[in-house]
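First comes the structure, then the notes that go with it.
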Amino acid sequence: KFAFQDQVTALQLIVLKAGLGAVVLVPLLGRKLLDYKSFLRLAPIGILLFATNTLTLLALSQISVVLLITIVTTTPALVALVNSVIGRDSLSSQFWIGFAMCFLGIVITLDFHDTNTNILGLLCALAAALSSTIYRVRMEIICEKQEPVTAAGLTYFVQGVLTIFLLPLAMPFPAKALWFGSWIGISAALANIAFVSALNLVGSTRVSVLTMIQRPLLIIAAAVFLKESVNFQQFVGIVLVMIGIQLAQVKRLARSTDQST
């Protein structure tokens, strides 16, 4: 959002994020980059991730951060529903109570004053939540036979290829675009390795719920490092998220081990 305020375009951030992410991760593949079967298996996943990132940045350029966070926070519920429908997870009433607490906790920590909105931004945000849901479920299934680092690297390789076609439209890059794009691209690539690894360990539903802790951690970090005050409403929201994450457990039905995550 800071980048948009400095006149950096969404297209420039999309290209730099995906392209520089590929530069970071592709060298980790080594000879595995030549694995044709793995590439074909992961190419659609790479397109989904690229679509999610693109739609998120487009939405962010059109609507407020708080509205985007609110919409994206529904993703864990969508992932849970998909895994339940395909017979991978069993969802109890306790899970939905926990998710509801997390969602409510995040919403009440947000400041909805001056929340701008438009149809294009809303559609992009909703589409991003949907593509992210499919990405997470499919990536978990693939990682049962594919190493997480390889899976993350190949999906970013696909994104890197896609950016080649967009590069002429995004140039020239101002200095601020290069700075913001480098920071976003490198951090996103490293975070993706951690996310895919966690997804492989605990499942797409559980890891999606765990990512809801980002908002409380952001508030705590701002209080510690930026000396920002935490009001009572935010404190209640943090507590709700922490309790909700513990309650929102799922029972895995279709995996090598039949255990709760």
Side-chain angles (χ1 to χ4, degrees), residues 1 52 56 59-60 63-84 88-113 115 125-126 128-130 132-133 135-137 139-140 143 148 187-188 190-253 255 257-261:
K1 200 68 174 181
T52 300
T56 300
L60 194 58
I63 62 178
S64 63
V65 175
V66 293
L67 185 56
L68 177 62
I69 290 175
T70 304
I71 294 173
V72 171
T73 300
T74 63
T75 302
L78 296 176
V79 173
L81 287 171
V82 171
N83 277 326
S84 178
R88 293 177 66 82
D89 286 343
S90 175
L91 305 176
S92 64
S93 58
Q94 177 181 310
F95 170 83
W96 291 113
I97 292 172
F99 171 77
M101 291 180 69
C102 288
F103 186 83
L104 177 61
I106 290 174
V107 169
I108 67 175
T109 65
L110 299 173
D111 182 5
F112 284 91
H113 292 92
T115 301
L126 291 170
L130 180 60
S132 179
T133 297
Y135 162 77
R136 296 178 188 203
V137 174
M139 180 62 91
E140 181 194 356
C143 281
S187 61
L190 297 177
N192 190 252
I193 293 178
F195 179 81
V196 174
S197 299
L199 184 149
N200 183 54
L201 290 172
V202 302
S204 53
T205 299
R206 184 60 180 154
V207 78
S208 295
V209 171
L210 290 172
T211 59
M212 297 174 81
I213 202 173
Q214 291 181 30
R215 175 62 184 171
L217 289 179
L218 178 61
I219 295 173
I220 294 171
V224 173
F225 297 107
L226 301 178
K227 308 303 180 183
E228 294 185 4
S229 60
V230 179
N231 59 40
F232 179 73
Q233 184 173 312
Q234 289 176 321
F235 176 77
V236 173
I238 292 171
V239 172
L240 284 173
V241 173
M242 296 301 185
I243 296 174
I245 285 175
Q246 294 302 313
L247 289 176
Q249 303 285 334
V250 296
K251 183 178 181 181
R252 177 45 49 96
L253 299 177
R255 211 176 188 185
T257 56
D258 188 14
Q259 299 176 342
S260 296
T261 56

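Just so it is clear, the model here is predicted, and its values are computed rather than measured.
For the pair Met101 and Leu247, the minimum side-chain heavy-atom distance is below 4.5 Å. Between Ile108 and Leu240, the closest side-chain pair of non-hydrogen atoms falls below 4.5 Å. Between Phe95 and Asp89, every side-chain heavy-atom pair lies at or beyond the 4.5 Å cut-off. At least one side-chain heavy atom of Val82 sits less than 4.5 Å from a side-chain heavy atom of Thr133. Between Arg136 and Thr211 the shortest side-chain heavy-atom distance falls below 4.5 Å. Counting only heavy atoms from C-beta outward, the side chains of Thr73 and Arg215 never approach each other to under 4.5 Å. Taking the side chain as every heavy atom from C-beta outward, Pro216 and Thr109 never approach each other to under 4.5 Å. Looking at heavy atoms from C-beta onward, Arg206 lies in side-chain contact with Leu210 at the 4.5 angstrom threshold.
Ser208 OG to Phe195 CZ: the interatomic distance, rounded to the nearest 0.5 Å, is 5.0 Å. Note: Asn83 CG to Ser90 OG = 11.5 Å, rounded to the nearest 0.5 Å. Interatomic distance, Ile69 CD1 to Thr74 OG1, rounded to the nearest 0.5 Å: 12.5 Å. Annotation: the span from Glu140 atom CD to Thr205 atom OG1 amounts to 7.0 Å, rounded to 0.5 Å.
The aromatic rings of Phe99 and Trp96 sit perpendicular to each other, their planes meeting at more than 60°, with 30° as the lower class boundary.
Across Val207 and Ala198, no two heavy atoms sit closer than the pair CG2-CB, 3.7 Å. Considering every non-hydrogen atom in both Thr56 and Ala128, the closest pair reads OG1-CB, 3.6 Å. Closest of all the heavy-atom pairs between Thr52 and Ser132 is OG1-N, 3.3 Å. Of all heavy-atom pairs between Thr70 and Phe103, the closest is O-CE1, 3.6 Å. In this structure, Ile71 and Ala129 approach most closely via the heavy-atom pair O-CB, 4.4 Å. The heavy-atom pair separating Ile63 from Ala125 by the smallest distance is CD1-CB, 4.1 Å.
Side-chain N or O atoms of Gln234 include one that pairs as donor or acceptor with a backbone N or O of Asn231 at under 3.5 Å. In this structure, the side chain of Ser84 does not engage the main chain of Ala80 through any donor-acceptor pair within 3.5 Å.
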Original post:
Given Ile220 and Ile238, is the side chain to side chain contact (heavy atoms under 4.5 Å, CB included) satisfied, shown in steps?
Top reply: CA-CA 9 Å; Ile220 294 171; Ile238 292 171; 4.2 Å; yes

